[in-house]
Amino acid sequence: MTDKNTATPEPISNFIRSKIDADIAAGKYTRDGLPNVITRFPPEPNGYLHIGHAKSICVNFGMAQAYGGRCHLRFDDTNPEKESIEYVNSIQETVKWLGFDWVSNGTAHLHYASDYFEQLYVFAEQLIQAGYAFVDDSTADDIREQRGQLHQAGTESPRRNRPASESLDLFRRMKAGEFAEGTHVLRAKIDMASHFMTMRDPVIYRIRYAHHHRTGDAWCIYPLYDFTHCVSDAIEQITHSLCTLEFENNRPLYNWVLNRLVEIGALAQPLPEQTEFARLNLTYAITSKRKLLQLVTEGKVDGWDDPRMMTLVGIRRRGFTPASIRLFCERIGVAKSDSWIDMSTLEQAVRDDLDAKAPRAVAVLKPLRLILDNFPTEHAEPCKAPVHPHFPEMGERQFVLTRELWIEQDDFQIEPVKGFFRLFVGNKVRLRHGFVIECTGFDTDAQGNVTAVHADYFADSKSGTDGSNNYKVKGNIHWLSDASSVPAEIRSYDRLFHDEHPDAGGKDFLAALNPDSKHITQGFVESCIADAPAETHYQFERNGYFVSDRVDSKPGALVFNRIVGLKDAWQKK
Ligand code: ATP
Ligand code: MG
């Protein structure tokens, strides 16, 4: 089953919507030919997107969608050393996979902050000329020292009041490559006594002799985030610049830069406005690109798309559907204060999405031989089951029951624990969609491991026949016949970390790695899915939701990833 990108239902009301509603009512962004709501998702292409970004994508694209506006995808690519085209490509693919599009009315709103380098540079010169910025050759340490402390004003740089013409000349020479890295910076001239540290004459340009993945060696000065971001928003005529709470302290600076540019005639009203919302923190997960990178480079996982990784490529490979992630983001909502969301909320979203869509099939993950000693040797009893129990239109699966079958190792116990209703000597269970059987014995190898289970079947007990009602059994187990199954590799994953908050408070998250988070078994799946294309989702009866691995699975060499287990009473027995 592939995802149909079903539309996300109307998002619940939240403070961002209230703000947008108020802006629309006031006519704040009424402009010719432009929608009232233009948002943007602005990732830095320095890594793969993670589940936290999914929230930001759903908020930004979702809000634009809800108001008939548009959302831009903008690469915030101003740190050339850490960025690459590999990340740019993956981010685009992931946004599309999630079901969103930056094309609106036939126009692609795919942007790069680097597209604005020239414009940003011109604006910077204008700020210098207006006395709002100056070139400083204080050392990085001096600048840090000058900033002061939270409750103590900073000190002004001795260069702060140099003539604009001098700063302009130096800035041009910075651009021309006359100075070494770290020797000169351009700083906004704001207020060294501001309560906002970000307003204490922040650096807005620095020298970097780095090759940029798009602009090559054209530039040796690069604008910093606080200058780039607000200006990029304004150039793109963004209305609502939605970002996470950690940028709250940057908002005064965002507004300062834009208002100064309006004042000097470089930009026009209405200006974009920044609104912050809580970032997503997910238990048992890491959502920091830097730390995810560390897991990859130190070989703790099998790459960015390892199915245990909370990167969106990892989550996708694990089998989470785009609809399930959108559902998850909708359920967690948009709040103003940070909180932790439990991993089980994400897991439940994929169950809820797949329950209605995923075809059913049988898989035996850890096979154990079951021999029906009184079953005719050459006989193959035809059996059937619905592809989906609630949607008969999805059809029926046909398979056979034979003398020798595969069952799960876990469905047999030599000494049954209390409450175990499945196979043990003397107990009766139903083979799902087949016969009732009674366990008669088992074989072991020299080490005492069970190698086969023996049982007798009751010929008049077949599911769907009148006789089946005469048998009341508590256990109902799944099985496969050699004649109706094919081998498959089964990859069962558990949470990557055993600590709910693996990196909270600066903890060493590597120490919280679950050493037992990946299990590979050689099992069998029903032959009706022998040709399963890659990335097809199933519910394996009694076992959970699975997906054919999008990288490794091929007909003839099937590989399935366990997405999540079923929320099912079976698990407890
Ligand atoms: P990281 O800290 O992992 O490097 P980042 O915040 O630097 O992530 P960006 O590429 O700068 O990543 O983020 C793009 C957008 O995604 C930003 O607007 C940011 O606010 C948002 N974002 C990042 N992490 C989360 C999160 N955990 N929850 C919600 N939004 C997030
Ligand atoms: Mg960032």
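In each ligand, atom 1 is the first atom listed, and ligand 1 is the first ligand listed. Being a predicted model, the structure only gives us computed values, none of them experimental.
Every atom of ligand 1 is numbered from 1 in the order shown, and the set under 4.0 Å from a heavy atom of Pro42 is 14 (C), 18 (O). For ligand 1, the atoms lying closer than 4.0 Å to a non-hydrogen atom of Ser288 are 3 (O). Proximity to Pro43 (heavy-atom distance under 4.0 Å) selects the following atoms of ligand 1: 10 (O), 14 (C). Set against the non-hydrogen atoms of Glu44, the atoms of ligand 1 under 4.0 Å away are 9 (P), 10 (O). Ligand 1 places these atoms under 4.0 Å from at least one heavy atom of Thr244: 19 (C), 20 (O), 29 (C), 30 (N), 31 (C).
With hydrogens and angles left out, the side-chain atoms of Ser114 and Asp77 include a donor and acceptor closer than 3.5 Å. A donor-acceptor contact closer than 3.5 angstrom is absent between the side chains of Tyr225 and Glu44.
Distance check, rounded to the nearest 0.5 Å: NE2 of His50 to CG of Leu312 gives 8.5 Å.
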Could you give me the CA-CA distance, side-chain angles and deciding distance for Phe100 and Phe61, then say whether ring-ring contact (aromatic ring centres under 6.0 Å, His included) is met?
CA-CA 7 Å; Phe100 296 108; Phe61 280 92; 5.4 Å; yes
Please determine whether ring-ring contact (aromatic ring centres under 6.0 Å, His included) holds for the pair Tyr87 and Tyr48, giving the CA-CA distance in whole Å, both sets of side-chain angles, and the decisive distance to 0.1 Å.
CA-CA 6 Å; Tyr87 299 135; Tyr48 284 76; 5.5 Å; yes
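No cation-pi contact links Arg208 to Tyr222, judged by a cut-off of 6.0 Å to the six-membered ring centre and 45° from its axis. Judged by the 6.0 Å distance and 45° axis criteria, Arg318 is not positioned over the aromatic ring of Tyr493.
Considering backbone and side-chain N/O of His50, one or more are found under 3.5 Å from N/O of ligand 1. Backbone and side-chain nitrogen or oxygen atoms of Arg40 are examined, and none is located within less than 3.5 angstrom of a nitrogen or oxygen of ligand 1. Checked by distance only, ligand 1 and Cys243 stay at 3.5 Å or farther apart across all their nitrogen or oxygen atoms. Checking only distances, Gly52 does come within under 3.5 Å of ligand 1, N or O to N or O.
Nearest residue to atom 2 (O) of ligand 1 from Arg290, Arg279, His53, Lys82 is Arg279 (criterion: closest heavy atom). The closest non-hydrogen atom to atom 7 (O) of ligand 1, taken over Lys55, Lys289, His229, comes from Lys289.
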Table please: side-chain donor-acceptor pairs of residues 231-239 below 3.5 Å, with sequence neighbours left out.
{"from": "Ser232", "atom 1": "OG", "to": "Thr228", "atom 2": "O", "distance (Å)": "2.6"}
{"from": "Asp233", "atom 1": "OD1", "to": "Arg40", "atom 2": "NE", "distance (Å)": "3.2"}
{"from": "Asp233", "atom 1": "OD1", "to": "Arg74", "atom 2": "NH1", "distance (Å)": "3.1"}
{"from": "Asp233", "atom 1": "OD1", "to": "Arg74", "atom 2": "NH2", "distance (Å)": "2.7"}
{"from": "Asp233", "atom 1": "OD2", "to": "Ser241", "atom 2": "OG", "distance (Å)": "2.6"}
{"from": "Asp233", "atom 1": "OD2", "to": "Tyr254", "atom 2": "OH", "distance (Å)": "2.6"}
{"from": "Glu236", "atom 1": "OE1", "to": "His72", "atom 2": "ND1", "distance (Å)": "2.7"}
{"from": "Glu236", "atom 1": "OE1", "to": "Arg74", "atom 2": "NH2", "distance (Å)": "3.4"}
{"from": "Glu236", "atom 1": "OE2", "to": "Arg74", "atom 2": "NE", "distance (Å)": "2.8"}
{"from": "Glu236", "atom 1": "OE2", "to": "Tyr116", "atom 2": "OH", "distance (Å)": "2.5"}
{"from": "Thr239", "atom 1": "OG1", "to": "Ile38", "atom 2": "N", "distance (Å)": "2.8"}
{"from": "Thr239", "atom 1": "OG1", "to": "Ile38", "atom 2": "O", "distance (Å)": "3.2"}

